[in-house]
There are 2 protein chains.
Amino acid sequence: MSQARQRVSMRTVAERAGVSIATVSYVLSARREVAPSTRRRVERAIDELGYVPNQVARSMRTQRTDTVALIVPSILNPFYPAVARGLQDVLEPQGSYGIVVCTDGDPGTERRMIEQMVARRVDGIGLSSYLHRGRPFEAAVEAGIPVVLLGSHAPEPGVDAVGPDDVGGGRRAVQYLLERDRRRIGFITGPQGEGPAASRVSGYLAALRDAAVPAADDLVVRADFSREGGREGMRRLLDLAAPPDAVICTNDVVAIGALDVLRELSVRVPQDVAVVGFDDIEAATLVSPALTTIANPARQIGQAVARILLQRMAEDEPQPPQAIAFGTHLIQRESA
Amino acid sequence: MSQARQRVSMRTVAERAGVSIATVSYVLSARREVAPSTRRRVERAIDELGYVPNQVARSMRTQRTDTVALIVPSILNPFYPAVARGLQDVLEPQGSYGIVVCTDGDPGTERRMIEQMVARRVDGIGLSSYLHRGRPFEAAVEAGIPVVLLGSHAPEPGVDAVGPDDVGGGRRAVQYLLERDRRRIGFITGPQGEGPAASRVSGYLAALRDAAVPAADDLVVRADFSREGGREGMRRLLDLAAPPDAVICTNDVVAIGALDVLRELSVRVPQDVAVVGFDDIEAATLVSPALTTIANPARQIGQAVARILLQRMAEDEPQPPQAIAFGTHLIQRESA
DNA sequence: CACTCTGACGTAAACGTTTAGATCGTACAC
DNA sequence: GTGTACGATCTAAACGTTTACGTCAGAGTG
């Protein structure tokens, strides 16, 4: 083993084994034959010195960092850790690792994070952005770093997208509620008019239109992507002159907030107001009443992101962007 | 701005501005005076070329990566994302970032991950290990990388520790239950006999001893750190000849599993069996009955980990290890 | 015996920074 | 007018790898 006080590099190993530093490199990478006897000497030197290859130097030479960044609004929303897990599922066997950062949904932070990741020369970026219209990832694209957007986006120059079928999911939630004779269906969406949340809203609007049910503007309220946001959104909906008899929430965390205020005010769920969430995080099974929700395959999404990134990194000629949408389905529980 | 097709480095910028590479570096780092006029020329060149400093090269030269690794069993347990968030809270203002990896609680994976992070020359490692007795972090210590253990560990050569007061927490849970006249108190702990879970058990045992309540061996069962583990552990406890009238779980995720089977079997909580968890994750407020639990300040722990790491990185002489324990308190809800 | 071929290994340049030290003009003091 | 000092900039080494290319001894061939 080792006592390794001083920095030990290939050079140290080479000296000890009485070979050149190139030879050490070759026994490590096996990109060239080396005689069994020298190989053994080098391996012994490595053991004795406790040598660990320096990935930084390697990255510098090979121009790859074997690192991808996952940039998300909040790691505290259980959806994103699940995505991160999916990323690791496919990255780690390849010797790549993920660096995870939160933006708190702040545009400035988001831009700074992207810039930082470009500086770090990550091999790829998975990005869940509220404001992809502003193309905050432009810096990455220019640097030739593949970017995959999380969420159902249309294919866009330079970036791929993978997410659930948000439009279909929004649509499905509405159909389900209409079948159960709800007619005033509210929607609590995100703070901005962009991103996955927007697609879910447009699915919602489309389904209403198809069913010829009038959609009232005030039935769609904006709120933060948080439990507190859900509470506030729900309160606003209940304050309406004609409150809804069903509410679709842009994600489960928000839906849980909505349930909070319904419980406080002793509004019966689903009898008085039905609630449908989105994502199917574990907590959806824990609340009472258990949350009916649109399943969003987080882990698979993470895996798909990683696969696309890997594929992009491997290609020499830029290929046209692609968008993958995972089919969603409704999981019926108690809240609707 | 930029069209930046070809790799643009300091060299490119220097040529464009008609200065040497060193000067570019100095305007970037401000470690030496440079005349305002040249500074402006350089800045213009940077803008026009869309130059982004290469962190990899910088790390190579400075021997710091501004990166710390957080190695945890599972990022799907909400406790760990909260720790990660705490890390980011203090790291990011310093320009450092966290790379998060899961070990799935597998010793081999854990060792591999640590080795990888050493190869990547991270500046520090936060490690939540099931088996720190085997000193899996030895490789990191030898490489001179500061390591902070998550959980309440005694100070140990070469590594610091920060965590909740696990012993005190276990003790508190028992006291609370004894006060409510529970006498057969079970404990669902983790798979191995080590780590934070073990300290919680020893607090439990100590409190029983203090109260002169006999502790039956079969009341402590081992299970996975997962919801399913909790289910299995609870089933085993209920199968006992004399089942417990209260159960303490090593964390909330496990407790939620325990509640699952109690609900299935229509065992009344807390009347027939009281349940106490550990961590106070958000889901504890969602289950029904809401979980009484020992609060574990995840985010503060993450922040403390980062602070210690930063401090260690700054010192030139190795200082003696330290262990920080955060006081815990019991949060009373419905399950006990 | 001169030649080529081949297997095994060494040499050295490059990747993009940082930074200690050298250089160079100019202003100032005498 | 010479010397000095100083501010502004440059030179070049170093960080630890990878890899194209060169070298060299010995085996094989005619």
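Convention: sequence-line order gives letters A, B, ...; per-chain numbering from 1.
- In this structure, OG1 in B/Thr65 is found 10.0 Å from CZ in B/Arg121, a value given to the nearest 0.5 Å.
- Applying the salt bridge (Lys or Arg N to Asp or Glu O under 4.0 Å) test between A/Arg135 and each of A/Glu110, A/Glu142, A/Glu156 identifies A/Glu156 as the sole match.
- The existence of a salt bridge linking A/Arg85 and B/Asp104 is confirmed by a sub-4.0 Å separation between a basic side-chain nitrogen and an acidic carboxylate oxygen.
- Annotation: proximity of residues 21-36 of chain B to DNA chain C (heavy atom, distance under 4.0 Å) is found for B/Ile21, B/Ala22, B/Ser25, B/Tyr26, B/Arg31, B/Arg32, numbered in ascending order.
- In this structure the side chain of A/Phe225 never reaches within 4.5 angstrom of the side chain of A/Ser74, judged on heavy atoms.
- Residues B/Ile145 and B/Phe137 have side chains not in contact (no heavy-atom distance under 4.5 Å, counting atoms from C-beta outward).
- Take A/Glu315 and apply the salt bridge (Lys or Arg N to Asp or Glu O under 4.0 Å) test, not counting sequence neighbours, and it matches A/Arg312.
- With contacts defined as side-chain heavy-atom distances shorter than 4.5 Å, the pair A/Met313/A/Pro146 qualifies.
- Qualifying salt bridge (Lys or Arg N to Asp or Glu O under 4.0 Å) partners for B/Glu115, counting only residues two or more places apart in sequence or in other chains: none.
- For residues 52-67 of chain A, proximity to DNA chain C is found at A/Met60, A/Arg61, A/Gln63, defined as any non-hydrogen atom under 4.0 angstrom from a strand atom.
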Considering only distance and modelled atom types, tabulate donor-acceptor pairs under 3.5 Å from the side chains of residues 24-33 of chain A, sequence neighbours left out.
unit_1	atom_1	unit_2	atom_2	d
A/Ser29	OG	A/Ser25	O	3.2
A/Ser29	OG	A/Arg31	N	3.3

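- For DNA chain C, the contact window with chain A, defined by any atom under 4.0 Å from a protein heavy atom, covers C/dA8 to C/dG16 in 5' to 3' order.
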task = For side chain to side chain donor-acceptor pair (under 3.5 Å), just list the numbers for A/Arg112 and A/Gln116, CA-CA rounded to whole Å, side-chain angles, deciding distance to a tenth of an Å, and then say yes or no.
result = CA-CA 6 Å; A/Arg112 280 204 335 275; A/Gln116 257 295 326; over 6 Å; no

